[in-house]
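So the structure is just underneath, and the comments pick up after that.
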Amino acid sequence: MRWAQGRLVLLLLPLAVLAAGATRYVPSAASSPPAVRYLFWSGGGEQAAAAAGWNLFDVSSKEEADALPPGTRGLMWLGDYDNSTCEWERSDATLARLLAGTDTDRRVAGFLFSDEPDPFACPRAPAQHRARSQLIHALTGGKLTVAALDGNSGAATLKQMPLWSGTADRLALDPYPCYRGKACDFEWIRKVVRAADRAHLRYWGVAQAFANDKWRWPTPAEERRILSIWTASKASAVMTFAWKWDGHELQDRPRLLDVLRRFNGARVPRRASASTATEIHYTFTGSNSVAFDWRGSATAIRVLVRANHWKTFAAHAATPLPYSSAGPFKEVRVGGLKPGKTYRYAIGAGPMSTFRTVPTGSFRFDVEADVGDSGTYPAVASTQTQIAADNPAFVLAPGDLTYGNDHGQDAVDRHFDDVMVWSRKAAYMPAWGNHEWDDSTDDLRNYKGRFAIPHPHSSPNAPSGGCCGEDWGWFDAGPVRFISYPEPYTSATWAKWKGDADPVMSSAQRNPRIRFIVTFGHRPAYSTGHHHGESQLAAILDGFGDRYSKYVLNINGHSHDYERFVPIHHVVHVTAAGGGASLEALSTNDARSAFRALHLIHVRVSVTRAALKLEAVCGPPTSHDQFQCDQGRVVDTYTIAAR
């Protein structure tokens, strides 16, 4: 990994010894923690990191080393090698000034002096590194020197290994196996290890624990496997990338960090007590009932069902059982309520809050799709805060809720904690997206087990994980019937939905209380974004629009942008993928596209018996924006009048 802002962001742990002749540390169930544990770029978190078991920290000077917490030491960064000029960023004279006094300073343990030099672009690089390591030894009394090699360039990575023999006391190898949307390639680590062993290198292994637009967070189980490969190799230390990287922090992945704490021999903090709950959210299951879901060992919910009368509802294990963490995952149906009312409640020993049953008159709801978690996508937190400020009765979430298949199972749990700023008081009404089911690294058990879909229906050929049922459903809120549509598991899925949804549409058309019909699902029928419209879905929705005059709005995600079309077969199509995940470029044009913006935007809809008023609300800025707006400003408005 190349340097960011002049720094390589690494976490290094554990180190058996710092001497050039260090022996290999192989942990076992009965082994003690290694003597030295190195954390690169602690970013001001040295105290917390020391409590988590690290005792060697990245520093830029001997003064920084001297200021570290008691009992810890520093590994000093000396500047990089420039692959474009094939020269050092710092001259020998500058190096001598930086190293003055480090030879007798016991708080300075050694030096990291290069990251991913390219011996093919700079054939003299190995000789230059050997000479610089010798210079550092001469100026510091032989203290440890470390250089990091590129471990992610395929054949070039393997070919370069013999060139670096003897160029530093230790060479750090960084093959990262866990790419977005893919299973971890553990065999690649082994190939790099074999190449290093054939070259007789003395090396440290770099274990992946970070995410960006190319790589994803490993799960705790994957992290343990990565660490086991390195500790079974001839590596004299295991480095972990990274404590902080690309806006993410390892501290935001508590279960992943626990794996590293245990590896360090540090105490693992206790999690939530049995009487509390996290990941709290609820769904409408009918006009007089809701279902609550949470993670934690709280066994019941208390609801103030009428004045001075609390009723306790016992929870049961969620089915299917989510597996993003050990849980436990609980669900409880709360019935006997009145529609359009606000109720006070508490889960276990948790704080008091309120929830609302399905609205009966005018109300507001929000829409966000393609969300993710705030540890992976910082904009998620800001977007959820915006939605909470809208005070919606419920939130439609048309798919790609967590991206757990890309970023690991911690992302699933983090997402459901992120949305609690609104999900304790507003119903969470989802539809599934492709990222919930089409990759082996995550599946629908994590989602069907967390929601009770109202009027649930099954779809043919549903994937085995989470099968069968709750592929789509419908509910009424005030003058609106909302009907979700499923993911196209096969070509038969939408054909079956068409036949099953038709009587639901027909009954709404005949019902005088219903003034509008709204569909929502992940895939777009019409889109000029990264994902084009689905022709099969478009034909089905066009047919419904022609037959049912109350059917006026379809809401989807999938293409990461905001887009509204003019009515097509009487139906307005809106892409509302502004939940916080990274934007995707627009791809085509369509004369029927009335407004589109490459920016994070969530949709706010105000409902009366007379009209649906849509407002596109500008979200937080990102580096991919091609549309400029002030956060919170309404950038597009459209009103659909009742017919």
Side-chain angles (χ1 to χ4, degrees), residues 1-3 8-27 34-40 56 58 75 77-78 80-81 109-120 125-130 132-134 136-137 142-177 185-209 225-242 263:
M1 185 66 68
R2 295 300 302 169
W3 301 79
L8 173 66
V9 185
L10 291 178
L11 174 72
L12 177 63
L13 101 277
L15 203 61
V17 291
L18 288 173
T23 58
R24 179 166 57 110
Y25 172 75
V26 181
V36 179
R37 291 141 335 250
Y38 174 41
L39 175 69
F40 201 103
L56 183 68
D58 158 54
L75 194 71
W77 167 239
L78 298 180
D80 207 357
Y81 181 81
F111 308 92
L112 184 61
F113 70 99
S114 181
D115 172 51
E116 298 190 357
D118 185 347
F120 305 113
Q128 290 170 301
H129 280 67
R130 186 176 294 105
R132 175 139 292 206
S133 178
Q134 292 169 353
I136 294 169
H137 285 157
K143 288 191 174 183
L144 181 76
T145 61
V146 181
L149 301 185
D150 171 23
N152 301 287
S153 294
T157 289
L158 306 180
K159 184 179 179 181
Q160 71 173 324
M161 294 297 177
L163 304 177
W164 295 107
S165 180
T167 58
D169 293 332
R170 287 294 181 271
L171 296 163
L173 311 179
D174 61 3
Y176 303 133
D185 184 5
F186 300 110
E187 181 57 27
W188 174 242
I189 303 177
R190 298 185 183 96
K191 288 182 179 179
V192 172
V193 166
R194 289 193 291 268
D197 289 343
R198 287 193 297 269
H200 304 292
L201 300 186
R202 296 193 292 185
Y203 57 89
W204 293 348
V206 184
Q208 179 186 348
R225 188 169 178 183
I226 291 169
L227 293 170
S228 70
I229 294 172
W230 280 118
T231 54
S233 74
K234 295 180 180 179
S236 59
V238 177
M239 303 170 61
T240 305
F241 188 98
F263 201 58

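Quick note: numbers below take in every heavy atom, side chains included, and nothing from hydrogens, waters or symmetry partners. Since the structure is predicted, the reported quantities are computational estimates derived from the model, not experimental observations.
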When every non-hydrogen atom of L112 is compared with those of W77, the smallest separation belongs to O-CE3, 2.9 Å
Rounded to the nearest 0.5 Å, how far does OH of Y81 lie from CZ of R132? 10.5 Å
Interatomic distance, OG1@T231 vs CZ@F263, rounded to 0.5 Å, equals 5.0 Å
Give me the atom names and distance for the closest heavy-atom approach of T167 to S133. O-CB, 3.4 Å
Atom pair CE/CG of M161 and L149 - distance to nearest 0.5 Å: 6.0 Å
Min side-chain heavy-atom separation V193-W230 under 4.5 Å: yes
Quick one: pull up CG in L201 and NZ in K234 and give me the separation to the nearest 0.5 Å. 11.0 Å
Just wondering, do L158 and V192 contact through their side chains at under 4.5 Å, heavy atoms? yes
Would you confirm whether W188, through its side chain, and G151, through its main-chain N or O, come within 3.5 Å as a donor-acceptor pair? yes
Under the side-chain hydrogen bond (donor to acceptor under 3.5 Å, both in side chains) test, which residues partner H137, sequence neighbours left out? D169
Just to verify, what does S153 make a side-chain hydrogen bond (donor to acceptor under 3.5 Å, both in side chains) with, not counting sequence neighbours? D150
Minimal non-hydrogen separation, I189 against P177, with atom names: CD1-CG, 3.8 Å
Using every non-hydrogen atom in the two residues, find where R170 and S236 come nearest and quote the distance to one decimal. NE-OG, 2.6 Å
When rounded to the nearest 0.5 angstrom, what is the spacing between CG in L75 and CZ in F111? 8.0 Å
Check the orientation of H129 and W164. Use parallel for under 30°, tilted for 30 to 60°, and perpendicular for over 60°. perpendicular
Please give me the minimum heavy-atom distance between P119 and A125, naming the atom from each residue. CA-CB, 4.4 Å
Go through it in stages, so that I can follow the logic: the residues are I229 and R190, the test is side chain to side chain contact (heavy atoms under 4.5 Å, CB included), and I'd like the CA-CA distance, side-chain angles, deciding distance and then a yes or no. CA-CA 7 Å; I229 294 172; R190 298 185 183 96; 3.8 Å; yes
Do the side chain of N152 and the main chain of D174 share a donor and acceptor less than 3.5 angstrom apart? yes
OG1 on T145 to CZ on R130, rounded to 0.5 Å: 11.5 Å
Kindly give the heavy-atom pair with the smallest separation between A235 and G205, and that separation in Å. CB-N, 3.8 Å
